[in-house]
Amino acid sequence: MKDYNGKSDEQLILLYVDGMNEAFDELIERHKDRIYTYIYHAVKNAELADDIFQETFVKAIMTIKQGRYTENGHFPSWITRIAHNLIIDY
């Protein structure tokens, strides 16, 4: 596995679009604690938080793969917004 630590979120997204799935793994690793904590504090249920967390990143993957990601340089706020919308939908 390549070392993606020095890459920006935007660079990782571009690498992911080019077929390097490990780049998205790095994005998850970077942001998982903050996103999970945000979700858990909102729903106060670990099992539900796990489900919403997983769905958040699935939605992100689908959006990126469809070429609809346009939040240049703002991945953390974008992924948080996805989580927030899923919490509201719940």
Checklist outcome for this item: d(Ile82 CD1, Ile87 CD1) to nearest 0.5 Å is 12.0 Å
Item to check | Single-linkage hydrophobic cluster, 4.5 Å side-chain cutoff, Trp78 and Val17 together | outcome: yes
Checklist entry - What distance do Ile13 atom CD1 and Met20 atom CE have between them, rounded to the nearest 0.5 Å? => result 15.0 Å
Checklist entry - Should Ile88 and His84 count as side-chain neighbours, where that means a heavy-atom distance under 4.5 Å? => result yes
Checklist outcome for this item: Those residues at least two apart in sequence (or on a different chain) that pass side-chain hydrogen bond (donor to acceptor under 3.5 Å, both in side chains) with Gln11 are Ser8
Checklist entry - Are side-chain heavy atoms of Phe24 and Ile64 found at a separation under 4.5 Å? => result yes
Checklist entry - Does Gln66 CD have over 12 foreign heavy atoms under 6.0 Å away? => result yes
Item to check | Atom pair CG (Asp89) and CD (Glu55), whose distance is rounded to the nearest 0.5 Å | outcome: 8.0 Å
Item to check | Closest contact, heavy atoms only, Lys65 versus Tyr16 | outcome: CE-OH, 3.3 Å
Checklist entry - Is the side chain of Thr37 donor-acceptor paired with the backbone N or O of Arg34 at a distance under 3.5 Å, no angle test? => result no
Checklist entry - Does some side-chain heavy atom of Leu27 sit less than 4.5 Å from a side-chain heavy atom of Tyr4? => result no
Checklist entry - So do the side chains of Ile35 and Phe57 get within less than 4.5 Å of each other, counting heavy atoms only? => result yes
Checklist entry - Just how far is it from atom OH of Tyr69 to atom OG1 of Thr63, taken to the nearest 0.5 Å? => result 10.5 Å
Checklist entry - What ring-ring contact (aromatic ring centres under 6.0 Å, His included) pairs are there with at least one residue in residues 30-50, not counting sequence neighbours? => result His31-Phe75
Checklist entry - Could you give the distance from CG (Asn21) to CD1 (Ile61), rounded to the nearest 0.5 Å? => result 8.0 Å
Checklist entry - Is there a path from Leu14 to Leu12 through hydrophobic residues (I, L, V, M, F, W, Y) whose side chains come within less than 4.5 Å of each other? => result no
Item to check | Reported CD-to-NE2 distance for the pair Glu10 and His74, which is rounded to 0.5 angstrom | outcome: 9.5 Å
Item to check | Asn5 and Glu26, any side-chain heavy atoms less than 4.5 Å apart | outcome: yes
